[in-house]
K.L.:
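Below are the structure tokens for one structure; questions will follow.
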Amino acid sequence: MWHLYEDVLGDQWRSLIYRKTVNKLRSLPYKVTSVEQIREMYGVGKSLVKMVKEILGTGQLQKLDNLKAQVGEIQVLGSVWGIGAIQARELYKKGFRTVKDLENYSSLTSMQRMGVKYYDDINLRIPRDEVADTEKFVRGVVETLAPGAWVNAAGSYRRGKPTCGDVDILITHPDGSRFTSLRCCTHSSHLHLLCSHQDLLARLGGTQPDMFMGIFHFQGKPYRRIDIKVYPRHVYAFALLAFTGNDVLNRKIRFLARVKFGYKLSDQGLFIRESKKKDVWFTESIPCETEREIFEKLGLDYPEPHDRNW
DNA sequence: GGGCAGCGCAC
DNA sequence: GTGCGC
DNA sequence: GCCC
């Protein structure tokens, strides 16, 4: 159901709630058999209790069935990388019904074109061994460009998941002076070293050469979504934290940082909010060399990456 | 009724 | 400025 | 959707 709200209805907040609730209930040590078990849960309100009640009683959810019928073929359009809820509706209005229909449509963005072309492959899960191999391979290439650089696969791989949806690689160099030469590893001229077919590597990201979002083809495996981001050493811990996630944990920490300390936490640092009358600005980041330091500054216990799944 | 993180990029 | 993905 |  949360996919429906994400891909078609464009309601990210409902989507988030549904996703959180499903995982919350799933992670309970017992199977939910009665609404009494969830009625008091934080974040579970009237509507959700009602839905769970219906599911327990009838084994299905009318609201979901209605939505499915209503939404029909729009959902698959919205599940393409680069096509959101609004464009999905537009395309549907124009008569497109399947991903195949979009193959020869000229008015797609470059991201959408990639999303269409590799739709089936992108939707496959990636075994973590393959992510490890990819990380190793990228590390090897980066080493030739900037010896001594750090290369880490983040995302669900770092959280220990057995399979991943994409590959998320972070790069820095402990020697700040080498940072400039390091940034060039996201230039497509170098990135094509990572691919057997360089024409597939449509690079996104304009002026700043420190991020790559694209498609990666490796050792005859399916085409994979990959992000490669290069950060300066002094913000690396923040980037690692942000891109290890998961996103619900990020929201939680950022919320706490703001409410409890007046901080702003992002992949770029931990900033103190300063205000004078109406003006609000932020100081330079509080330095943290490791993720552990960030959690310390926020008065939190350090969670190992595999404990950051919800 | 507003906030729910906040950003950079393509267009 | 909007849509999108992260 | 939930919480305030």
Side-chain angles (χ1 to χ4, degrees), chain A residues 1-25 38-52 61 63-64 67 77-91 106-115 122 154-156 164-170 186 202-215 225-231 235 238-259 262-271 273 280 282 285 298:
Chain A
M1 176 128 91
W2 67 265
H3 273 299
L4 280 176
Y5 278 95
E6 185 88 29
D7 297 339
V8 187
L9 303 171
D11 189 339
Q12 53 169 320
W13 303 119
R14 271 191 179 73
S15 171
L16 179 66
I17 294 278
Y18 290 142
R19 193 154 53 95
K20 278 205 282 196
T21 305
V22 167
N23 282 278
K24 210 180 283 177
L25 299 189
I38 63 164
R39 210 184 279 281
E40 301 300 321
M41 275 185 178
Y42 184 85
V44 177
K46 242 175 156 181
S47 305
L48 284 170
V49 168
K50 208 168 151 194
M51 287 186 224
V52 171
L61 188 59
K63 183 188 175 74
L64 178 59
L67 279 173
L77 301 178
S79 69
V80 173
W81 190 49
I83 299 179
I86 291 173
Q87 289 308 315
R89 284 170 180 276
E90 285 299 312
L91 291 166
S106 59
S107 302
L108 296 176
T109 67
S110 64
M111 190 191 271
Q112 290 166 344
R113 264 197 292 279
M114 286 191 281
I122 288 177
S156 52
C164 307
D166 60 6
V167 181
D168 202 348
I169 290 186
L170 298 182
T186 50
R203 178 172 163 282
L204 300 168
T207 54
Q208 289 200 327
D210 55 5
M211 173 151 75
F212 170 85
M213 295 165 69
I215 307 288
R225 269 277 303 112
I226 186 169
D227 294 342
I228 300 176
K229 310 182 184 81
V230 182
Y231 281 87
V235 299
F238 298 102
L240 203 51
L241 175 61
F243 292 105
T244 297
N246 67 19
D247 64 331
V248 175
L249 178 80
N250 284 347
R251 289 169 202 269
K252 229 184 263 176
I253 305 175
R254 289 169 188 202
F255 176 78
L256 180 127
R258 184 163 50 78
V259 174
Y263 292 161
K264 180 177 79 169
L265 174 66
S266 75
D267 63 328
Q268 300 283 347
L270 183 59
F271 306 91
R273 185 190 181 87
V280 177
F282 293 93
S285 173
L298 296 173

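Every chain is numbered from 1 and lettered A, B, ... according to where its sequence line falls, protein lines coming before strand lines.
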K.L.:
I need the residues from residues 10-22 of chain A with at least one non-hydrogen atom less than 4.0 Å from DNA chain D; give them sorted by number, or say none.
P.N.:
Trp13(A), Arg14(A), Ile17(A), Tyr18(A)

K.L.:
Apply ring pair (Phe, Tyr, Trp, His ring centres under 6.0 Å) to Phe238(A) and list each qualifying residue two or more places apart in sequence or on a separate chain.
P.N.:
none

K.L.:
List for me each residue that meets side chain to side chain donor-acceptor pair (under 3.5 Å) alongside Ser266(A), sequence neighbours excluded, and say none if there are none.
P.N.:
none

K.L.:
Filter on salt bridge (charged side-chain N to carboxylate O under 4.0 Å, His left out), then keep only pairs touching residues 39-49 of chain A, sequence neighbours left out; what's left?
P.N.:
Glu36(A)-Arg39(A)

K.L.:
Base, sugar-phosphate, or nothing: which does Leu265(A) touch, judged by heavy atoms less than 4.0 Å apart?
P.N.:
nothing

K.L.:
Looking at every strand, decide which applies to Val49(A) at a 4.0 Å heavy-atom threshold: base, sugar-phosphate, or nothing.
P.N.:
nothing

K.L.:
Among all residues two or more places apart in sequence or in another chain, which pass the side chain to side chain donor-acceptor pair (under 3.5 Å) test with Asp227(A)?
P.N.:
Arg225(A)

K.L.:
For Thr109(A), answer base if it contacts any base atom (sugar-phosphate contacts may also be present), sugar-phosphate if it contacts only those atoms, and nothing otherwise; contact means non-hydrogen atoms under 4.0 Å.
P.N.:
sugar-phosphate

K.L.:
NA contact type, Arg89(A), heavy-atom cut-off 4.0 Å: base, sugar-phosphate, or nothing?
P.N.:
nothing

K.L.:
Reading DNA chain D in the 5' to 3' direction, which nucleotide is the first one with an atom under 4.0 Å from a heavy atom of chain A, and which is the last?
P.N.:
dG1(D) to dC3(D)

K.L.:
Across the strands shown, which category fits Gln268(A) at heavy-atom distances under 4.0 angstrom: base, sugar-phosphate, nothing?
P.N.:
nothing

K.L.:
Ser285(A): what forms a side chain to side chain donor-acceptor pair (under 3.5 Å) with it, not counting sequence neighbours?
P.N.:
none

K.L.:
Assign Ala85(A) to base, sugar-phosphate, or nothing according to its heavy-atom contacts below 4.0 angstrom with the strands shown.
P.N.:
sugar-phosphate

K.L.:
Could you pull out all residues at least two apart from Tyr5(A) that satisfy ring pair (Phe, Tyr, Trp, His ring centres under 6.0 Å)?
P.N.:
Tyr18(A)

K.L.:
Enumerate the residues from residues 245-259 of chain A whose closest heavy atom to DNA chain B is under 4.0 Å, giving them by residue number; use none for an empty result.
P.N.:
Arg251(A), Arg254(A), Arg258(A)

K.L.:
Could you work out, with side chain to side chain donor-acceptor pair (under 3.5 Å) as the rule, every residue matching Gln87(A), not counting sequence neighbours?
P.N.:
none

K.L.:
For Arg258(A), what residues pass the salt bridge (charged side-chain N to carboxylate O under 4.0 Å, His left out) criterion, not counting sequence neighbours?
P.N.:
none

K.L.:
If pairs are Watson-Crick or G-U with both distances under 3.5 Å, what is the dot-bracket string of DNA chain C, marking crossing pairs with [ ] and pairs to another strand with |?
P.N.:
||||||

